[in-house]
Amino acid sequence: MTSPAFSFEGSPMARYIPAEIEPKWQAAWQEAEIFRAERDPERPKYYVLEMFPYPSGRLHIGHVRNYTLGDVVARYKAAQGFAVLHPMGWDAFGLPAENAAMATGVHPADHTYGNIAEMKEQMAPMGWSHDWSREFATCDPEYYGQQQAMFLDFLEKGLVYRKSAMVNWDPVDMTVLANEQVIDGRGWRSGAEVERRELTQWFFRISDYAEDLLAALDGLENWPEKVRLMQANWIGKSRGIELYFQRRDGAGEIVCYSTRPDTMRGASFLAIAPDHPVARELAEKDPALAAFIAECRKGGTSEEAIEKAEKLGHDTGLRVAHPLDPARDLPVWVANFVLMDYGTGAVFGCPAHDQRDLDFARKYGLPVQNAFYMPGESVEVENEALVPAKSERVVYIDHFTGLAEATGEEGINAAIDWFEARGLGKGKVQYRLRDWGISRQRFWGCPIPVVHCESCGVVPEKKENLPVELPRDVTFDQPGNPLDRHPTWRDVPCPSCGKPARRETDTMDTFVDSSWYYARFTAPNAATPTSAEDVDYWMNVDQYVGGIEHAILHLLYSRFFARAMHECGHLPAKSVEPFDALFTQGMVTHAIYMSEGEDGRPVYHYPAEVELRDGRAFLRESGNEVQVIPSAKMSKSKNNVVDPVRIVERYGADTARWFVLSDSPPERDVEWTAAGAEAAHKHLGRVWSLSERIAGMEGQGSGDEDLLRAMHKTIHDVTMAIESFGFNAAIARLYAFTNSLQKSKAGADTQRQAIRVLAQLMAPFTPHLAEEIWARQGGEGLVARAPWPEADPALLVEDTVTLPIQINGKRRSEITVARDLPREEVEKRALADQAVQRALDGRAPKKLIVVPGRIVNVVI
RNA sequence: GCCCAAGUGGCGGAAUGGUAGACGCAGGGGAUUCAAAAUCCCCCGCCUUUACGGGCGUGUGGGUUCGACUCCCACCUUGGGCACCA
């Protein structure tokens, strides 16, 4: 069949040139304002949100993945008839702008707004369906002013308070450091050993919501299981007991929190935090202890730093009575691994059943005594602690409750009852979750709107004076927060008594900014933080998309903030869980090409300098082979960053979008490869040629029904795949259908129908190419506005099925039978099969399993 | 150190407990071409066999099941988070 309609040669086909297609359709969308979200009581709404970017100034390929994922959902939902809200804005406060100010002297605001302008320019060619009319940056005074208003509401409701807490202190630069700025225990600029220093700071009472935040996780059915689990572990609910240990010096008691009171027999010491009041009290008269406590303050505040630090202890000389045997003494040690923030800041050490306690006991020569054995093994612990799961049965040794063999859980419960009955302790539910410290000793953040007055104390700023705006006239020529040394900004009259007072110069954690932006998008210009009408209509976020690295902090803070906003009347009750569905995507990675330099240090090569042959990499210039490290996180210093702007210039946005979605499931990391991008581009070119060929076709053909069946199957499969975020699978189905269409001999009308459906199904992924094909094939209006195609169920079922036949679970043959063939017939046909006959060798099968429509298994 | 996740051909990956390897890349063969590019067609897990076929195979070791990539237990490796990076 070589009619002209099928010939590539000689037909006046246009080539696929994205640079001609893409800007045209972007202009058409803008002209029609199809992405502008409007409240529409006639239609159901759909709010899809991607985590907004920090304006670094460079669009990263990770952004491309994130926003393309959201864009597919937004465009798909729009095609299904929803009123879609798909906003975009900027998480604009933060350290990098201050670092830039220190390096170049440019004001953080200028730096940030400059970056925003640059990034917007880089985002425009991607063809994302964002509603830019709702754009804002968290550093806009209009935004952070509303945040300050909410801070004052929280203050009034008692959701905010001040207390002392530790920060990283650089003793040379005389400044507070972020954890990121502490490298191996030293300040990143000064190189000085960092110490922990106490500062009075503002806190949100998130721990009051620990139980609610934990319990409500069950209702978040459309969140990834692992995120819920991570949050549950982070909140860390545990049931235990507060135990009272009487001091031998008669000065009262030390209260320890324990989740394993059943192991009390093995207690050999008490360990208290260096900041514990008892430690401080004893240090006043004990210079050696004071020196030890000072030593414990070395290093950063991060939990990782504390946990990994060498376990150090100091015997205070104080003794307490062992609760089980008042004649027995337990020594009280100060230990650097005990955290004042958790429990009571004091624990009893049971070396036999806790590895850390055991290491500590061996180091300092403290006794090790088992509280239980595993059943049948009466072995004393040596160098490995015996720590079975609480559900496992153990044999308690001479237990104070009278228990013999029991599970850990039973032992714990019995021990709690026993101690409570004797007034030695009190059962207590404990959470690991700490209150959220929001004070930052930095300039580029939302100012905390309070004033410190000598006579009135801490006085909230009046709401009519908001926003408390950051000043323009600041310099960054010395370390620290310039607000601290800005007299005219800092010195203000007290809002209450009018006497001279000082503004709070700390600003808020940037996580505060990102804890409510989703609500602000529903009414970005409202005179109050939110507007009731708009949050009622648009909230909740139906689909939230972002990086897995935000699984805990950002999402937990947002959940808390929504609850707090509800209490202050800024969100309805339905929005205390603001994100109905969450999707966490993986990273985009890229291989690193590395060789060894003359000095032995690694040299990183740009992909452009490298030629790939048979999976090995060689330098183009010298021909020397270089080492390939696959799937590495993109990093400027490793020269493996892929610039999406260059990709779009070379291949067009549709190729970039198609590729980042096609190669890996979205939740997993995807490796960017030049070959993959090339292949994606080629495929789009094939679809284009196919469309051009079909456009020129006329007349009848054969196999129309086969093509229609394939088309409806594809509609069904692609729709299901999009619904479940299986975008790579959706794209695989689109590849397969393209191949079927290419090979089809069906008539012109059917083929035209098929290519139009293909364009519709591709539209969420490659919207520009889809529009072009849609227009050329006589589609009505914009494909972005065409209703999503529906699969005809009648065309999805086949009359016959092919059943694999297994023998002992291994596939050995297959039979093709009518779909509704009765089971007995299937059995008969399966047993008659040659392979089965051969395997049976005259014997009768032990068992015959027929799963209708799926499989036959013959057990011999 | 603690919490979480992921490991499937040369590579990225597919697979409601039911034919492991869909789809794509790389590779091999062919067509077209004066030649190349582009395009099109076919093959492509490993071992064994002339062939038909047979054996092995989803990080490792166990277990549940007629049947396990999928469920359970232990381990190994890699990645994410650890409260002041965003």
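In what follows, chains carry the letters A, B, and so on, assigned in the order in which the sequence lines appear, proteins first and then strands, with residues in each chain numbered from 1.
To the nearest whole angstrom, the two P atoms, one in B:rC3 and one in B:rA86, are 27 Å apart. As rounded to the nearest Å, B:rA68 and B:rU19 have C1' atoms that lie 14 Å from one another. Separating the C1' atom of B:rC23 from that of B:rA5 is a span of 25 Å, rounded to the nearest Å. Across the P atoms, B:rA14 and B:rG21 are found 15 Å apart, a figure rounded to whole Å. Between B:rC75 and B:rU65, the distance separating the two C1' atoms is 24 Å to the nearest Å. Nucleotides B:rU64 and B:rC72, compared at atom C1', are 7 Å apart to the nearest Å. B:rG13 sits 13 Å from B:rG59 when the P atoms are compared, rounded to a whole Å. With both ends at atom C1', the span from B:rG12 to B:rG27 equals 16 Å, rounded to whole Å.
A:Y67 approaches A:M51 most closely through the heavy-atom pair OH-O, 3.0 Å.
At least one cation-pi condition fails for A:K237 and A:Y431: the charged atom is not both under 6.0 angstrom from the six-membered ring centre and inside a 45 degree cone around its axis. Cation-pi geometry between A:R228 and A:W223 is not met: the NZ or CZ atom fails to fall both under 6.0 Å from the ring centre and inside 45° of the normal. For the pair A:R432 and A:W234, the distance from NZ or CZ to the six-membered ring centre is under 6.0 Å and the angle to the ring normal is within 45 degrees.
Under the ring-ring contact (aromatic ring centres under 6.0 Å, His included) test applied with A:F511, the options A:F560, A:F93, A:Y557, A:F561 reduce to a single match, A:Y557.
The side chain of A:T510 contributes an N or O atom lying less than 4.0 Å from OP1 or OP2 of B:rA86. Within the structure, every side-chain polar atom (N or O) of A:R434 is placed at least 4.0 Å from both OP1 and OP2 of B:rA83. One finds a side-chain N or O of A:S664 lying less than 4.0 angstrom from the OP1 or OP2 phosphate oxygen of B:rG13. In this structure, A:N728 does not reach the B:rG13 phosphate: none of its side-chain N or O atoms is under 4.0 Å from OP1 or OP2.
Put simply, the side chain of A:R854 and the base of B:rU16 share a donor and an acceptor less than 3.5 Å apart.
Across all strands, A:H550 comes closer than 4.0 Å to base atoms (heavy-atom distances). Heavy atoms of A:K311 sit nowhere under 4.0 angstrom from any nucleic acid atom.
Across every strand in view, B:rC40 sits in a pair with B:rG30 that passes the Watson-Crick or G-U test at under 3.5 angstrom. Under the Watson-Crick or G-U wobble criterion, with both distances below 3.5 Å, B:rA74 is paired with B:rU60. Both distances falling under 3.5 Å, in either a Watson-Crick or a G-U wobble arrangement, occur for no nucleotide opposite B:rA86. Pairing for B:rG10 goes to B:rC25, judged as Watson-Crick or G-U wobble with the two contacts each under 3.5 Å.
For A:L433, the side-chain atoms get nearest to B:rA83 when compared with the rest of B:rC4, B:rA83, B:rG1. Closest approach to the A:A732 side chain among B:rG18, B:rA83, B:rA22 is made by B:rA22 (side chain taken as heavy atoms from C-beta onward). Closest to the side chain of A:K226, from the set B:rA86, B:rC40, B:rA5, is B:rA5.
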Query raised in the report: Going through the checks in order, is the side chain to side chain contact (heavy atoms under 4.5 Å, CB included) test met by A:L690 and A:W688?
Result: CA-CA 5 Å; A:L690 178 60; A:W688 170 269; over 6 Å; no
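Under the 90° criterion around 0 for the glycosidic angle, B:rG67 counts as anti.
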Between the protein and nucleotides 65-71 of chain B, are there any N/O to N/O pairs under 3.5 Å, and if so, what are the atom names and distances?
unit_1	atom_1	unit_2	atom_2	d
B:rC66	O2'	A:N857	ND2	3.3
B:rC66	O2	A:N857	ND2	2.6

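Here the C1' atom of nucleotide B:rG79 and the CD1 atom of A:I548 are 11 Å apart, to the nearest Å. In this structure, A:R668 atom CZ and B:rC11 atom P are separated by 14 Å, rounded to whole Å.
A:Y544 and A:Y518 have their aromatic ring centers separated by at least 6.0 angstrom.
At least one donor-acceptor pair closer than 3.5 Å links the side chain of A:R196 to the backbone N or O of A:G300.
With a 4.5 Å cut-off on side-chain heavy atoms, A:R162 and A:Q201 do not count as touching.
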